[in-house]
Amino acid sequence: ATKRAETVDKMQKIIASVKSGLPANATEEQVRAELAKNAEWKVLERENAERNAELLNQLKEARRLVGAKRSHWWRGRWSD
């Protein structure tokens, strides 16, 4: 989670930098268009997506393990 937090922090700094170079009334689309031109943004966006996927996989595995333990517990409880 620490690497992801670092990535998100860098992304927020780039967003702030991009916004500061645009007019105050710039739209989200304009901000996104400027971000798409930023090479570092593209790298960070990819890293963030990879870390999110890793977290989702860990969450799925944890749910699977908890579900297996619950299922085992219930079978044992009702077999008495």
Side-chain angles (χ1 to χ4, degrees):
T2 303
K3 288 182 180 181
R4 184 175 179 278
E6 291 172 6
T7 300
V8 170
D9 185 53
K10 289 177 185 177
M11 291 175 83
Q12 289 174 338
K13 288 177 182 176
I14 292 173
I15 291 169
S17 173
V18 165
K19 283 184 175 182
S20 71
L22 293 173
N25 62 348
T27 66
E28 273 303 304
E29 291 79 23
Q30 290 171 316
V31 174
R32 287 187 192 131
E34 288 301 312
L35 289 171
K37 298 175 187 177
N38 186 303
E40 184 181 5
W41 173 262
K42 291 177 186 179
V43 170
L44 292 171
E45 196 171 39
R46 186 173 54 252
E47 287 177 8
N48 192 44
E50 289 170 2
R51 290 198 177 98
N52 284 340
E54 289 171 13
L55 288 171
L56 285 175
N57 286 335
Q58 291 172 0
L59 182 60
K60 286 178 188 177
E61 180 63 12
R63 285 182 176 155
R64 187 190 66 78
L65 291 173
V66 169
K69 287 183 181 181
R70 260 193 216 150
S71 176
H72 176 71
W73 180 81
W74 279 108
R75 279 193 297 267
R77 180 179 170 99
W78 295 109
S79 63
D80 292 343

> Does any N or O in the side chain of Lys42 come within less than 3.5 Å of the main-chain N or O of Ala36, such that one atom is a donor and the other an acceptor?
Replying inline: yes

>> With a 4.5 Å cut-off on side-chain heavy-atom distances among I, L, V, M, F, W and Y, is there a chain of contacts connecting Trp41 to Val31?
In response: yes

>> Any heavy-atom pair between the side chains of Glu61 and Gln58 that's under 4.5 Å?
In response: no

> Sequence neighbours excluded, which residues qualify as side chain to side chain contact (heavy atoms under 4.5 Å, CB included) partners of Asn48?
Replying inline: Arg4, Thr7, Val8, Met11, Asn52

>> One thing to verify: whether Arg51 and Glu47 come together as a salt bridge, which I'm taking to mean a side-chain N less than 4.0 angstrom from a carboxylate O.
In response: yes

> Can you name the residues that form a salt bridge (charged side-chain N to carboxylate O under 4.0 Å, His left out) with Lys37, not counting sequence neighbours?
Replying inline: Glu34

> In Å and rounded to the nearest 0.5 Å, what is the NZ to CG distance from Lys60 to Asn57?
Replying inline: 6.0 Å

>> To the nearest 0.5 Å, what is the distance between CD1 on Ile14 and CD on Glu45?
In response: 10.0 Å

> If you measure from the Lys or Arg side-chain nitrogens to the Asp or Glu carboxylate oxygens, is any gap between Lys3 and Glu6 under 4.0 Å?
Replying inline: no

> Are any non-hydrogen side-chain atoms of Leu59 and Leu55 less than 4.5 angstrom apart?
Replying inline: no

> Applying the 4.5 Å side-chain criterion to the ILVMFWY set and letting contacts propagate, would Leu35 and Val43 be lumped into a single cluster?
Replying inline: no

